[in-house]
There are 2 protein chains.
Amino acid sequence: MAPTRTETDLSFLLDHTGHVLRTRMAAALAEIGLTARMHCVLVHALEEERTQIQLAELGDMDKTTMVVTVDALEEAGLAERRPSGTDRRARIIAVTEKGAEVARRSQEIVDGVHRAALETLPEDEREVLVRALNRLVTGHLATPVEAPQPVRRARQRKK
Amino acid sequence: MAPTRTETDLSFLLDHTGHVLRTRMAAALAEIGLTARMHCVLVHALEEERTQIQLAELGDMDKTTMVVTVDALEEAGLAERRPSGTDRRARIIAVTEKGAEVARRSQEIVDGVHRAALETLPEDEREVLVRALNRLVTGHLATPVEAPQPVRRARQRKK
DNA sequence: TATTGTTATACTCTATAACTATA
DNA sequence: TATAGTTATAGAGTATAACAATA
């Protein structure tokens, strides 16, 4: 849904490039059975011992989305839920050996997809593009405007 | 759901900037009762006589999404469906006077949101950013990888 | 009382399929 | 037969509420 371009249509440029890159990434990761989210969780879980909530915050997802993602990782034998030693409510996401191997490969895939895109640009443009996007991400486009949250009917009580 | 940044995380940069810009745009257009899609249709319908299908293609939306969008425009008194003179199946989307006025304002809003973002960049970076994104949009990131379409059960027949 | 993780489910969005009327 | 527009609805994705166990 490309808006119009009377002037520079930054919306269209960011939406389109972002969307196409996302489809490329999804297709590339799908070849080893991963989604972008699974990759994200795997990598962060490898860095240090982290609970589901911590991983959810790092990946900017809801805790319920996290449940589904960890379910998928467990089913694929890439990670396991382990009780935390300090908080019996919490679960540490432990990456299996197979998971660590997959994470190494998926990181290569991610880097490769990014490199393939950036390599099509002249080197000077490439550098400035990344610098400008970083400036926007940390500056004017750092935080979303929060949408008015829709009212939600109460869930049916369990009988 | 930010992936990881071992190298330059182009996915994160494009997703995040695009997402935040979209929320800004939605909030700004909402003040005059428009969605981005309504704005898009309005502007293209103003340029020349166009049918719903033509407008749908220009805005990269499905024809069924177009129906909903035109419904909203009609209800707001910004556009009307008129029979085509040459094809009795087709409807021309005619922008009302009020619609033309709103489109002028919404285009100002859109340009303003874009300008506000770009103005936070040094002028040289700004130019190169736009040039680089345009290069990606017309080159390596021109067309999405099509996802394997999910199989869809047949709809219940009308009795 | 608050928080972690879970389940169930409400909502939004979008697109497919079937349908009607034309071509 | 194919196409423009419409309606109904399937399905994906996601987030909210309630819940159980624990802090």
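The analysis underlying the following values was restricted to heavy atoms, covering all of them including side chains, and did not include hydrogens, waters or symmetry mates. Residue numbers start from 1 in every chain, and the chains themselves are labelled A, B, ... in the order their sequence lines are given, proteins ahead of strands.
- Look at CZ on B/R37: it is 11 Å from C1' on C/dT12, rounded to the nearest Å.
- Taking side-chain N and O atoms only, B/R91 has a distance below 4.0 Å to OP1 or OP2 of D/dT6.
- Side-chain to base pairing of B/T64 with C/dA15: one donor and one acceptor N or O lie within less than 3.5 Å of each other.
- We find that NE2 of B/H19 is positioned 18 Å from P of D/dG13, with the value rounded to whole Å.
- Listed by first and then second residue, the ring-ring contact (aromatic ring centres under 6.0 Å, His included) pairs involving residues 119-144 of chain A amount to none (not counting sequence neighbours).
- B/R82 meets the salt bridge (charged side-chain N to carboxylate O under 4.0 Å, His left out) test with B/E80; sequence neighbours excluded.
- Cluster partners of A/V128 are B/V128, counting Ile, Leu, Val, Met, Phe, Trp and Tyr whose side-chain heavy atoms approach within less than 4.5 Å, directly or via other members.
- Summarising the geometry, the separation between CD on B/E74 and P on D/dT6 is reported as 8 Å, rounded to the nearest angstrom.
- Sorted by first then second residue, the side chain to side chain donor-acceptor pair (under 3.5 Å) pairs that include residues 91-104 of chain A, not counting sequence neighbours, are A/E101-A/R104, A/R104-A/E108.
- Nucleotide D/dA4 holds its C1' atom 12 Å from the CD atom of B/E57, rounded to whole Å.
- Straight-line distance from the CD atom of A/Q52 to the C1' atom of C/dT3: 13 Å, rounded to whole Å.
- A/M61 has its CE atom 13 Å from the P atom of C/dG5, to the nearest Å.
- Two residues, B/D71 and B/A90, neighbour DNA chain D, and the one matched to the more 5' nucleotide by heavy-atom proximity is B/A90.
- For A/D62 and C/dT9, the CG to P distance is 18 Å, given to the nearest whole Å.
- For the OP1/OP2 pair of D/dT6 and a distance below 4.0 Å, the side-chain nitrogens and oxygens of B/R81 include at least one atom meeting the criterion.
- With hydrophobic clusters built from ILVMFWY side chains whose heavy atoms lie under 4.5 angstrom apart, A/V130 shares a cluster with B/L141.
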Nucleotide N/O of nucleotides 21-23 of chain C paired with protein N/O under 3.5 Å:
residue, atom, partner, partner atom, Å
C/dA23, OP1, B/R88, N, 2.8

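- Between the side chains of A/T8 and B/H114, no donor N or O sits under 3.5 Å from an acceptor N or O.
- Here side chain to side chain donor-acceptor pair (under 3.5 Å) pairs that include residues 124-136 of chain B, with residues two or more places apart or in two chains, are A/E125-B/R135, A/R135-B/E125.
- In this structure, B/T51 reaches the sugar-phosphate backbone alone: every heavy-atom distance under 4.0 Å involves primed, P, OP1 or OP2 atoms, never a base.
- As rounded to whole Å, 11 Å separates atom P of C/dT16 from atom NZ of B/K63.
- For A/I53, whose side chain is taken as the heavy atoms from C-beta onward, the closest listed nucleotide among C/dT4, C/dA15, D/dG5 is C/dT4.
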